[in-house]
Protein chains: 2
Amino acid sequence: MSKKERQQQLLQIIDGNPFVTDRELTRQLKVSIQTIRLDRMELGIPELRERMKQMAEHSYDQVRSLPADEVVGDIVDLQLDRSGISIFEIREEHVFSRNGIARGHYVFAQANSLAVATINAEIALTASADIRFVRMVRLGEKCIAKAQVRSLAGRNGKAEVDVFTYVGEELVFQGHFVVYRSAIEEYSEGGNRSADRH
Amino acid sequence: MSKKERQQQLLQIIDGNPFVTDRELTRQLKVSIQTIRLDRMELGIPELRERMKQMAEHSYDQVRSLPADEVVGDIVDLQLDRSGISIFEIREEHVFSRNGIARGHYVFAQANSLAVATINAEIALTASADIRFVRMVRLGEKCIAKAQVRSLAGRNGKAEVDVFTYVGEELVFQGHFVVYRSAIEEYSEGGNRSADRH
DNA sequence: TACATATTAGTACCTGGTTCTAATTATTTA
DNA sequence: TAAATAATTAGAACCAGGTACTAATATGTA
């Protein structure tokens, strides 16, 4: 096996399992540990611990901003059963790496979270939605979603919420949500009201 | 400061920043490094490297299944401009930890990804959608989304796609998507066709 | 054959710890 | 107040998984 072939294999192995040690690599590639290390140098692959650290840091950033939180976006204003505003900044982890455009479901998730949070009920869940992506949202843009409750049925019924999301003055998304409100734990899209603002 | 108070502080510090070393902790808590280590022992907090490893492994699991991939769900059948089927298993990272119910935007994302992937165009993007969450989806359930293209406009125009998502025989989600297709790179919700199944 | 490239070997050193023994300080309790 | 107990600190040996560096040995090529 040539040096190039071996380095290709090494890339593949580490790509397939980033948790592999140099010692394990020597067993798989049948070369000395020094060769493995020279190869890693040439290929710019950091040591195992550094790889794990980078993965941990990367995931930590995501965890802090993302779906670890049951509400996507930061709710800055809330008048229960009336209106709400949330802010969500489009970051690296929300976009297609290819073109820096936000994945639709993040924009959707912000609006959905806000619609549900605005409804004052033990349990609120999205029943249906009618949505439109008015224009693409790019990396770094700050989405401001504004929710308006349009109608409220009884204590256990449907509520209708309109959400408009803006970047600056521009409308980027609009949605009409039908949200079920209930005191019974059945389908919780936003869950217990008291737990929303962790 | 009592031992209990210190251990509470220690928990808080590590919770706030899991990347802190014992040495940094000695500076913040003004005790010896042995005390820090005894405290970690008592509290069952692993060493920095182990913490990073766990985060990395956890995120790696997520990355493998989740939005790192630009298509949410595994497309198992695809007839461009006609129909498509994708499978998406609801895992730990897709549900509300509180009740084990899938976050709506994952169910939405699977359907959205499939609708876009089914359209045969250089660039495809979701323009609007009309969706309904028919019943909740729980941890461990396998969502099978079936897309049917209903209408196609010219090379650069709108396409309409219906997506029905099932768990077993039960319908859990339905959506009507309007997707823009274009050869011009403008708003890519699924991106270059050739890159979808990487 | 001479030279270059590739590979292997070996040593010292590093971080961020664990494990263990032992000594020193509080703090409590009899 | 003295003895007992708990809490804290010190120090040395050791570990994984490396880096950095020097030097020797293959292996191929002009």
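Just so we're on the same page: letters track the sequence lines, and every chain starts at 1.
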Trainee: Over how many whole Å does the gap from A:I14 atom CD1 to D:dG17 atom C1' extend?
Mentor: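 Value for this atom pair: 13 Å.
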Trainee: Expressed in angstrom and rounded to an integer, what is the separation of A:I33 atom CD1 from C:dT11 atom C1'?
Mentor: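 Between C1' of C:dT11 and CD1 of A:I33: 15 Å.
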Trainee: Report yes if the side chains of A:V149 and A:T118 come closer than 4.5 Å at any heavy-atom pair, otherwise no.
Mentor: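 Answer yes - side chains close enough.
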Trainee: Taking the basic N atoms (NZ, or NE/NH1/NH2) and the acidic carboxylate oxygens, is any pair closer than 4.0 Å for A:R37 and A:E47?
Mentor: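 Judged by the 4.0 Å cut-off on N to carboxylate O distance, A:R37 and A:E47 do not form a salt bridge.
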Trainee: Rounded to whole angstrom units, what separation is found between the CD atom of B:E24 and the C1' atom of C:dT15?
Mentor: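 In whole Å, C:dT15 C1' lies 13 Å from B:E24 CD.
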Trainee: Would you say B:T35 reaches D:dT9's phosphate, i.e. side-chain N/O to OP1/OP2 under 4.0 Å?
Mentor: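 True: B:T35 side-chain N/O within range (under 4.0 Å) of D:dT9 OP1/OP2.
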Trainee: Do A:R82 and A:D77 meet the salt-bridge criterion of a basic N to acidic O distance under 4.0 Å?
Mentor: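 No, no charged N to carboxylate O under 4.0 Å.
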Trainee: Going by the rule side chain to side chain donor-acceptor pair (under 3.5 Å), which residues pair with B:R40 if we only count those two or more places apart in sequence or in a different chain?
Mentor: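 Expected list: B:D22.
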Trainee: Under 6.0 Å from the ring centre and within 45 degrees of the ring axis: does the NZ or CZ of B:K146 meet both conditions for the six-membered ring of B:Y166?
Mentor: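 Yes, B:K146 sits over the ring of B:Y166.
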Trainee: With a 4.0 Å cut-off on N to O distance, would you call A:D81 and A:R181 a salt bridge?
Mentor: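 So A:D81 pairs with A:R181 through a salt bridge.
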Trainee: Nearest-Å distance, NZ (A:K3) to C1' (C:dT5)?
Mentor: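 Distance, rounded to whole Å: 8 Å.
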Trainee: Provide, to the nearest angstrom, the distance between the NZ atom belonging to A:K4 and the C1' atom belonging to C:dT5.
Mentor: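 After rounding, the reported distance stands at 14 Å.
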Trainee: With B:E42, which of B:K4, B:R6, B:K3 fulfils salt bridge (Lys or Arg N to Asp or Glu O under 4.0 Å)?
Mentor: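 Exactly one candidate clears the test, B:K3.
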Trainee: Can you tell me the distance, in whole Å, between the NZ atom of B:K53 and the P atom of C:dT15?
Mentor: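 Interatomic distance, NZ of B:K53 to P of C:dT15: 22 Å.
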Trainee: Transitively linked via ILVMFWY side-chain contacts under 4.5 Å: A:I45 with A:L29?
Mentor: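 Both belong to a single hydrophobic cluster.
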Trainee: Let me have a per-nucleotide readout for nucleotides 16-25 of chain C, 5' to 3', with B, S or -, counting only protein heavy atoms under 4.0 Å.
Mentor: BBBS------
Trainee: To the nearest Å, give me how far apart NZ (A:K30) and C1' (C:dT7) are.
Mentor: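 So the two atoms are 17 Å apart, to the nearest Å.
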Trainee: Please state how far atom CD in B:E42 lies from atom P in D:dA6, giving the value in whole angstrom units.
Mentor: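 In whole Å, D:dA6 P and B:E42 CD are 12 Å from each other.
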Trainee: Would you tell me whether B:S86 and B:Q110 have side-chain atoms, one donor and one acceptor, within less than 3.5 Å of each other?
Mentor: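 Looking only at side-chain atoms, B:Q110 and B:S86 do form a donor-acceptor pair, the distance falling under 3.5 Å.
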Trainee: Tell me what A:L38 touches on the nucleic acid: a base, only sugar-phosphate, or nothing, going by heavy atoms under 4.0 Å.
Mentor: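 Touches a base.
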Trainee: Just by protein heavy atoms under 4.0 Å, how would nucleotides 22-30 of chain D read 5' to 3' in B, S and -?
Mentor: ---------
